[in-house]
Amino acid sequence: MTDYKMIAMDLDDTLLDKQLRIGDADREAIGRAQKAGVKVVLATGRMYRATLPYITELGLDTPAISYQGALVKKPDSGETLTHYPVPGDMAMKIIRAIKPYGYHINLYKDDDLLIAGESPESRLYVSVAGVKPIEVGDLEEFLLKERFDPTKVLAVAEEEQLDGISPELKSLFGEKLHITKSKPHFLEFSHPLANKGHALAMVAEYYGISREEIIAVGDSYNDLEMLDYAGLGVAVGNARDEIKDRADYVTLANTEGGVAHVIQRFITG
């Protein structure tokens with residue numbers, strides 16, 4: 001059996017249950033993996049500040065992969081290892097392309113969540129992220145005035161609505177941005193190097209660990225690059241079939257201790 005030295009895992013719908021909690025079995029298994037000297041890495045589309053509570057709960061000192069890989073930061077020292085923001089001019093083009101549809105948009109600056117104004121979609125996002133947004137009015141005007149490079153741009157709408165505009169947006173920006181869905185109703189736009197696979201490779205290099213010695217666990221489209229990179233790519237049982245098809249192994253669902261099962265089977269025995 002391969003001697004795995006690192007396990008990277010997504011948060012929402014992978015490690016977290018429907019109440020956004022870490023199950024006892026998963027928490028205990030992660031503790032056993034840490035005691036065995038295995039590096040445990042969180043890799044999420046969440047903001048860094050929305051990842052910190054789980055880092056603290058698990059007692060992790062490894063670099064956290066947040067914003068799909070746009071920001072990789074060490075929680076113990078606060079050192080930023082990587083920050084790949086969306087160029088401001090590209091962010092402006094995204095806003096202008098989505099604006100006619102009236103869909104909610106999030107911008108992220110200095111680990112703050114910026115929105116035009118409160119909406120049902122903003123409340124949905126906040127219920128998941130647990131971060132208080134800053135209302136800045138018209139996002140296009142705000143970006144023109146402040147002139148910054150957002151860490152990420154995110155559109156919130158029904159899945160059918162996002163799937164309807166996705167081909168057009170990918171044809172416009174697909175070569176210049178990384179575009180993916182983290183949840184069915186979240187369409188995310190990042191720097192082309194801001195994906196979990198690229199970030200995981202960087203963290204592996206930081207520790208001198210080869211990709212063959214890494215397990216990655218996820219559930220969604222934004223996990224695919226990470227599953228492809230790792231020596232063992234694992235999909236949780238609640239993942240969609242197209243994600244499972246790309247995985248090397250399918251574990252139990254997020255509500256059934258899927259991460260614990262992986263650790264037991266491939267790490268602690």
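Nothing fancy with the numbering, it's 1 onward along the sequence. Quantities reported herein were computed from a predicted structural model and do not represent experimental measurements.
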I need the [X] [atom1] to [Y] [atom2] distance, nearest 0.5 Å.
X: Asn222; Y: Asp10; atom1: CG; atom2: CG; answer: 6.0 Å
X: Leu139; Y: Ile94; atom1: CG; atom2: CD1; answer: 12.0 Å
X: Ile55; Y: Lys74; atom1: CD1; atom2: NZ; answer: 10.5 Å
X: Leu200; Y: Met226; atom1: CG; atom2: CE; answer: 7.0 Å
X: Asn195; Y: Ser190; atom1: CG; atom2: OG; answer: 8.5 Å
X: Thr180; Y: Phe189; atom1: OG1; atom2: CZ; answer: 10.5 Å

Under-4.0 Å salt bridge between [X] and [Y]:
X: Arg240; Y: Glu159; value: yes
X: Lys109; Y: Asp112; value: no
X: Asp138; Y: Lys99; value: yes
X: Lys5; Y: Glu213; value: yes

Non-hydrogen side-chain atoms of [X] and [Y] separated by less than 4.5 Å:
X: Ile7; Y: Ile30; answer: no
X: Leu172; Y: Lys93; answer: no
X: Met92; Y: Glu140; answer: yes
X: Leu16; Y: Ile22; answer: yes
X: Phe173; Y: Met90; answer: yes
X: Tyr4; Y: Ile214; answer: no
X: Lys181; Y: Glu188; answer: no
X: Glu225; Y: His178; answer: yes

Please determine whether the number of non-hydrogen atoms from other residues, nucleotides or ligands lying under 6.0 Å from atom CD of Glu146 exceeds 12.
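For Glu146, atom CD is crowded (more than 12 foreign heavy atoms under 6.0 Å).
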Are the side chain of [X] and the backbone N or O of [Y] linked by a donor-acceptor pair below 3.5 Å?
X: Asp26; Y: Ala260; result: yes
X: Gln264; Y: Gly269; result: yes
X: Arg46; Y: Val128; result: yes
X: Ser220; Y: Asp223; result: no
X: Asn238; Y: Asn254; result: yes
X: Asp111; Y: Tyr48; result: yes

Testing the basics here: between [X] and [Y], what is the closest heavy-atom pair and its distance to 0.1 Å?
X: Thr80; Y: Leu71; value: CG2-CD1, 3.7 Å
X: Ser122; Y: Ile115; value: CB-CD1, 3.9 Å
X: Ile179; Y: Leu169; value: CD1-O, 3.9 Å
X: Ile263; Y: Ala29; value: CG2-O, 3.6 Å
X: Val203; Y: Pro63; value: CG2-CB, 4.1 Å
X: Met202; Y: Leu81; value: CE-CB, 3.7 Å

So His261 and Tyr249, would you call those rings parallel, tilted or perpendicular, with 30° and 60° as cut-offs?
parallel
[X]-[Y] co-clustered via ILVMFWY side chain contacts under 4.5 Å:
X: Leu144; Y: Val86; answer: yes
X: Leu124; Y: Ile105; answer: no
X: Val41; Y: Leu232; answer: no
X: Leu107; Y: Met47; answer: no
X: Leu58; Y: Val259; answer: yes

Go through the steps for Gln68 and Ser182 under the test side chain to side chain contact (heavy atoms under 4.5 Å, CB included), then give the verdict.
CA-CA 9 Å; Gln68 314 297 8; Ser182 56; 3.7 Å; yes
Can Lys183 and Asp13 be said to form a side chain to side chain contact (heavy atoms under 4.5 Å, CB included), step by step?
CA-CA 9 Å; Lys183 283 179 172 286; Asp13 302 314; 2.8 Å; yes
Side chain to side chain contact (heavy atoms under 4.5 Å, CB included) between Leu113 and Tyr108, intermediate numbers included
CA-CA 5 Å; Leu113 168 58; Tyr108 302 85; 3.7 Å; yes
Test ring pair (Phe, Tyr, Trp, His ring centres under 6.0 Å) on Tyr125 and His104 and set out the steps.
CA-CA 10 Å; Tyr125 184 87; His104 176 85; 7.9 Å; no
Kindly determine whether Val136 and Glu141 satisfy side chain to side chain contact (heavy atoms under 4.5 Å, CB included), including the steps that lead there.
CA-CA 9 Å; Val136 297; Glu141 292 178 9; over 6 Å; no
For residues Tyr221 and Glu242, is any side-chain donor paired with an opposing acceptor at under 3.5 Å?
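Distance-only check passes for Tyr221 and Glu242.
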